[in-house]
Amino acid sequence: MPIRKIQFVEGEIYHIYNRGVEKRNIFMEEKDYLRAIHDMYEFNDENPTDNLYYRSPSLTSYETRSRKVRKMIVEILAFALMPNHYHFLLRPIHDKGISKFMHKFGLGYAMYFNKKYERSGTLFQGPFRAIHIEREAHFLHLPFYIHANPLDIKFPEWRDGRLKNYRAAMNYLETYRWSSFPDYIGKRNFPSVTSRGFLSSVFGSPKEYQKTTFQLLKEMNLSEIEDVILE
């Protein structure tokens, strides 16, 4: 396995990205998204994980598991799951946290997916990609970029600044379940998966985060953060 150039450091922030091999879909139906979210919660733990690689979780099964005491290895600050890729914003709790979490997540979800869809081989397009977020401008824009990603499904024009119906776009993001955005604006979705205290201390209340997102849909210039987007 090639040595990863980036070195993960406890307490720093990293944008993590991967997509399906040959750009194939890695989420085929609602149960697959639920499985991935379940795994994001379940594998973020120093303790050994049960063999869950095929059992499909219910909407609330990860919430039930949240009652056990965990020793988290990363803070999942933000995420968005898309049909053929995902974005995570992570802060490791110790230096090996991201590597350990991503190994468990990637392997566990691929095993589930391959068994369910009777396929074999690699699911993801190589090792996950990662970039260290060091510049303040990147940090201030990246959570909103990750949360805006689902607009690619219905409003792809947002990327080149041609979005016109901002209210419809916001409504879409607010009801897109497979992201941490609803939880950040006060709509309970998958609250146990993310650690929202840090970003909330920077960006403010749910109302303020919602307002800032709406404003950035009008103003965000992706060229300003293109070196940390990873797509």
Side-chain angles (χ1 to χ4, degrees), residues 13 15-17 26-44 56-68 70 72 74-91 101 105 109 139-159 163-220 222 225:
I13 297 174
H15 180 200
I16 309 294
Y17 167 88
I26 55 177
F27 305 112
M28 307 296 290
E29 62 176 13
E30 180 179 274
K31 288 182 179 179
D32 300 336
Y33 288 101
L34 286 170
R35 176 62 196 217
I37 289 169
H38 176 275
D39 286 355
M40 289 165 61
Y41 175 87
E42 188 70 28
F43 295 145
N44 188 12
S56 295
S58 68
L59 282 166
T60 58
S61 64
Y62 86 97
E63 290 284 5
T64 301
R65 289 176 174 271
S66 69
R67 297 170 189 159
K68 73 176 184 179
R70 290 187 302 154
M72 293 195 304
V74 297
E75 289 180 290
I76 302 175
L77 303 180
F79 72 89
L81 307 181
M82 300 288 288
N84 71 351
H85 67 275
Y86 61 76
H87 292 272
F88 296 155
L89 192 63
L90 303 181
R91 185 163 69 164
F101 171 73
F105 175 82
Y109 184 78
F139 167 70
L140 293 176
H141 285 84
L142 194 55
F144 299 100
Y145 168 76
I146 290 174
H147 286 153
N149 237 246
L151 294 178
D152 288 348
I153 299 171
K154 292 196 68 174
F155 302 91
E157 65 273 17
W158 79 278
R159 285 186 175 269
L163 182 65
K164 299 298 182 183
N165 195 337
Y166 301 108
R167 176 46 56 193
M170 276 295 292
N171 288 340
Y172 184 76
L173 293 179
E174 290 171 8
T175 57
Y176 187 82
R177 293 204 64 204
W178 318 121
S179 123
S180 51
F181 183 66
D183 286 308
Y184 270 100
I185 62 171
K187 296 186 176 183
R188 184 180 175 87
N189 192 36
F190 299 109
S192 296
V193 173
T194 48
S195 299
R196 298 183 301 283
F198 178 68
L199 291 187
S200 295
S201 70
V202 175
F203 296 111
S205 68
K207 286 283 187 182
E208 291 171 315
Y209 194 87
Q210 187 177 36
K211 181 179 179 180
T212 302
T213 301
F214 187 78
Q215 192 64 32
L216 284 177
L217 286 181
K218 298 179 179 181
E219 300 175 356
M220 186 184 293
L222 295 186
I225 59 171

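These numbers were taken from a predicted model, which means no experiment stands behind them.
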Going by heavy atoms in the side chains, are [X] and [Y] under 4.5 Å from each other?
{"X": "Tyr86", "Y": "Ile26", "result": "yes"}
{"X": "Leu77", "Y": "Leu90", "result": "no"}
{"X": "Trp178", "Y": "Leu34", "result": "yes"}
{"X": "Ile76", "Y": "Arg91", "result": "no"}
{"X": "Met170", "Y": "Gln210", "result": "yes"}
{"X": "Met72", "Y": "Ser195", "result": "yes"}
{"X": "Pro150", "Y": "Leu173", "result": "yes"}

Can you tell me how far [atom2] of [Y] sits from [atom1] of [X], rounded to the nearest 0.5 angstrom?
{"X": "Asp32", "Y": "His38", "atom1": "CG", "atom2": "NE2", "value": "14.0 Å"}
{"X": "Leu163", "Y": "Trp158", "atom1": "CG", "atom2": "CH2", "value": "9.5 Å"}
{"X": "Met220", "Y": "Leu217", "atom1": "CE", "atom2": "CG", "value": "7.0 Å"}
{"X": "His87", "Y": "Phe79", "atom1": "NE2", "atom2": "CZ", "value": "13.0 Å"}
{"X": "Lys211", "Y": "Leu216", "atom1": "NZ", "atom2": "CG", "value": "12.5 Å"}
{"X": "Thr194", "Y": "Leu89", "atom1": "OG1", "atom2": "CG", "value": "11.5 Å"}

Who passes salt bridge (charged side-chain N to carboxylate O under 4.0 Å, His left out) against Lys187, sequence neighbours left out?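 Scan of Lys187 (salt bridge (charged side-chain N to carboxylate O under 4.0 Å, His left out), adjacent residues dropped) gives Glu174.
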
Salt bridge (charged side-chain N to carboxylate O under 4.0 Å, His left out) with Glu219: which residues, sequence neighbours excluded?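 So Glu219 forms no salt bridge (charged side-chain N to carboxylate O under 4.0 Å, His left out) with any residue.
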
Within residues 192-201 or reaching into it, pairs that qualify as salt bridge (charged side-chain N to carboxylate O under 4.0 Å, His left out) - sequence neighbours excluded: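 Matches after skipping sequence neighbours: none remain.
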
Quick check against the 3.5 Å criterion: does Asn189 have a side-chain atom that pairs as donor or acceptor with the backbone of Arg177?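 Yes.
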
So does Met40 get a backbone contact from the side chain of Asn44, meaning a donor-acceptor N/O pair under 3.5 Å?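 No; zero donor-acceptor contacts below 3.5 Å.
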
Could you tell me which residues satisfy side-chain hydrogen bond (donor to acceptor under 3.5 Å, both in side chains) with Ser205, sequence neighbours excluded, listed by chain and number?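 By the side-chain hydrogen bond (donor to acceptor under 3.5 Å, both in side chains) rule, Ser205 matches Glu208.
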
Which residues share a side-chain hydrogen bond (donor to acceptor under 3.5 Å, both in side chains) with Asp183, sequence neighbours left out: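 With sequence neighbours excluded, Asp183 shows a side-chain hydrogen bond (donor to acceptor under 3.5 Å, both in side chains) to no residue whatsoever.
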
Write down the atom of [X], the atom of [Y], and the distance for their closest heavy-atom approach.
{"X": "Ala168", "Y": "Asn165", "value": "N-OD1, 3.0 Å"}
{"X": "Tyr41", "Y": "Ser192", "value": "CD1-O, 3.6 Å"}
{"X": "Asn171", "Y": "Thr175", "value": "O-OG1, 2.9 Å"}
{"X": "Pro206", "Y": "Gly186", "value": "CB-N, 3.6 Å"}

State which residues pass ring pair (Phe, Tyr, Trp, His ring centres under 6.0 Å) with Phe101; sequence neighbours excluded, sorted by chain then number.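 None.
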
Please state whether the rings of Phe105 and Phe88 are parallel, tilted or perpendicular, taking 30° and 60° as the class boundaries.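 Perpendicular, since the angle between the ring planes exceeds 60°.
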
Stepwise, does the side chain to side chain contact (heavy atoms under 4.5 Å, CB included) test hold for Ile153 with Tyr172? CA-CA 10 Å; Ile153 299 171; Tyr172 184 76; 3.5 Å; yes

N/O donor-acceptor pairs under 3.5 Å from side chains in residues 139-148, not counting sequence neighbours:
unit_1: His141; atom_1: ND1; unit_2: Ala137; atom_2: O; d: 2.9
unit_1: Tyr145; atom_1: OH; unit_2: Asn149; atom_2: ND2; d: 3.3
unit_1: Tyr145; atom_1: OH; unit_2: Arg159; atom_2: NH1; d: 3.2
unit_1: Tyr145; atom_1: OH; unit_2: Arg159; atom_2: NH2; d: 3.1
unit_1: Tyr145; atom_1: OH; unit_2: Glu231; atom_2: OE2; d: 2.2
unit_1: His147; atom_1: ND1; unit_2: Pro143; atom_2: O; d: 3.4
unit_1: His147; atom_1: ND1; unit_2: Tyr209; atom_2: OH; d: 2.8
unit_1: His147; atom_1: NE2; unit_2: Ser180; atom_2: OG; d: 2.6
unit_1: His147; atom_1: NE2; unit_2: Phe181; atom_2: N; d: 3.4

Lys218: what forms a side chain to side chain contact (heavy atoms under 4.5 Å, CB included) with it, not counting sequence neighbours?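 Lys218 satisfies side chain to side chain contact (heavy atoms under 4.5 Å, CB included) with Tyr166, Phe214 once adjacent residues are dropped.
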
